[in-house]
Amino acid sequence: MIYESSFSDILGIIIFNFAITNHSITTSAFIGLGLSTFLILLLSAIACVVLLYVMGRLVHHIKFFLIIAILILVYAIGQSYHLSSLVLILSTGLFLNNADTIQNVWFRSIFLYKNLTADLSQLYQLSAESAFILRTFFFVIFGFTMNIGELNNKIVLANGFFILVTIYLIRMLFLKIFKKDNLGPILYIAPRGLISILLYFNLPASLKIPEVGTPFLFLVVLGSSIVMTLGITLSKRNSVIE
């Protein structure tokens with residue numbers, strides 16, 4: 001589920017950036033997309049190797065915030081050139097978590113070190129706690145931007161309900177094709193949250209639809225979270241009964 005969510009978010013952001021930066025779909029647009037994807041993959045490979053090397057050479061007890069700061073810097077550089085920088089973040093996590101599986105003797109002698117597993121565990125815990133704090137404050141700010149009175153709008157309610165039904169119908173269709181056995185509880189795990197809101201705020205004003213505002217996003221985020229919670233709870237209850 002983690003990889004599915006990560007890849008879907010990255011793919012969605014790539015398509016989003018492609019759509020808003022290209023007013024017409026041409027061959028040159030796809031060439032530009034391929035070039036930018038190649039550049040971010042190259043940047044990701046370089047950043048991964050450099051970060052692993054730095055982790056092994058730092059002897060100071062405070063080094064993880066420096067590593068996160070380097071990641072943020074590289075992410076900002078990628079964003080300034082309209083590259084899909086989330087690919088960099090995902091690649092870094094995948095590389096660091098699986099670096100010890102690389103069997104090349106030269107690589108292991110240069111980049112791997114004795115305390116790598118312990119350092120990765122601490123980095124993971126620090127990243128998880130920092131992400132929780134950032135998400136919490138972000139949703140507080142998102143609440144400040146929303147007018148609760150607009151939830152009385154029947155058009156907003158209808159659009160939100162329609163989008164939720166469409167999300168789960170498409171998900172059920174794909175799961176029936178690629179996952180033949182029991183669909184629960186994976187069917188219900190399709191929350192919409194931070195990425196959806198960030199993409200909305202990155203939309204140019206000329207492309208925004210009046211009926212699709214922060215109350216609409218709130219309904220979709222809240223509805224998908226409720227469906228996920230109820231689905232997982234009911235699935236666990238059914239498994240206990242059986």
Side-chain angles (χ1 to χ4, degrees), residues 1-17 21 32-142 189 191 193-199 201-202:
M1 282 303 302
I2 295 175
Y3 292 122
E4 175 192 343
S5 177
S6 300
F7 279 119
S8 64
D9 287 342
I10 291 172
L11 183 61
I13 292 173
I14 291 175
I15 296 174
F16 175 85
N17 290 332
T21 54
L33 176 63
L35 180 61
S36 64
T37 304
F38 170 76
L39 288 176
I40 195 62
L41 289 175
L42 179 62
L43 183 62
S44 300
I46 296 173
C48 289
V49 173
V50 170
L51 280 176
L52 185 59
Y53 183 82
V54 170
M55 286 178 62
R57 297 302 182 273
L58 283 177
V59 295
H60 198 272
H61 65 283
I62 300 176
K63 61 180 177 180
F64 297 114
F65 274 110
L66 173 61
I67 293 171
I68 293 175
I70 294 174
L71 272 177
I72 295 174
L73 174 63
V74 178
Y75 178 89
I77 293 173
Q79 283 293 96
S80 65
Y81 288 97
H82 305 289
L83 301 176
S84 300
S85 298
L86 273 183
V87 176
L88 165 68
I89 305 301
L90 177 64
S91 301
T92 302
L94 289 173
F95 177 78
L96 292 179
N97 192 48
N98 297 280
D100 57 346
T101 63
I102 299 176
Q103 300 302 321
N104 183 273
V105 176
W106 177 82
F107 177 87
R108 298 181 71 87
S109 64
I110 299 296
F111 296 100
L112 300 189
Y113 58 99
K114 183 175 64 174
N115 296 325
L116 176 61
T117 303
D119 285 349
L120 289 179
S121 177
Q122 294 183 43
L123 180 61
Y124 173 81
Q125 182 177 1
L126 178 62
S127 301
E129 293 177 359
S130 301
F132 174 77
I133 294 174
L134 289 175
R135 285 198 303 268
T136 301
F137 280 103
F138 182 84
F139 278 106
V140 170
I141 295 172
F142 174 66
I189 305 177
L194 185 60
I195 298 296
S196 301
I197 297 170
L198 286 174
L199 292 182
F201 284 121
N202 281 329

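Throughout, numbering of the chain's residues begins at 1 and tracks the sequence. None of these values were measured; they are calculated from a predicted model.
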Residues forming a side-chain hydrogen bond (donor to acceptor under 3.5 Å, both in side chains) with Gln103, sequence neighbours excluded: none
What I'd like to find out is whether the side chain of Leu43 reaches to under 4.5 Å of the side chain of Ile40, using heavy atoms alone. yes
Identify, with sequence neighbours excluded, every residue that meets side-chain contact (heavy atoms from CB on, under 4.5 Å) alongside Leu126. Phe64, Phe65, Ile68, Ser130
Looking at residues at least two apart in the chain, or sitting in another chain, which of them share a side-chain contact (heavy atoms from CB on, under 4.5 Å) with Phe132? Arg135, Thr136
According to side-chain hydrogen bond (donor to acceptor under 3.5 Å, both in side chains), who are the partners of Gln125, at least two apart in sequence or on a separate chain? Glu129
CE of Met55 to CG of Leu120, rounded to nearest 0.5 Å, is 4.5 Å
So, does Thr37 use its side chain to make a donor-acceptor pair with the main chain of Leu33 at under 3.5 Å? yes
What pairs with Leu134 under side-chain contact (heavy atoms from CB on, under 4.5 Å), at least two apart in sequence or on another chain? none
Gap between atom OG1 of Thr92 and atom CG of Asn97 - 0.5 Å precision: 12.0 Å
Without placing hydrogens or testing angles, list every side-chain donor-acceptor pair under 3.5 Å for residues 107-116, not counting sequence neighbours.
| unit_1 | atom_1 | unit_2 | atom_2 | d |
| --- | --- | --- | --- | --- |
| Arg108 | NH1 | Asp100 | O | 2.8 |
| Arg108 | NH1 | Ile102 | O | 2.8 |
| Ser109 | OG | Val105 | O | 3.2 |
| Ser109 | OG | Trp106 | O | 2.8 |
| Tyr113 | OH | Asp119 | OD2 | 2.8 |

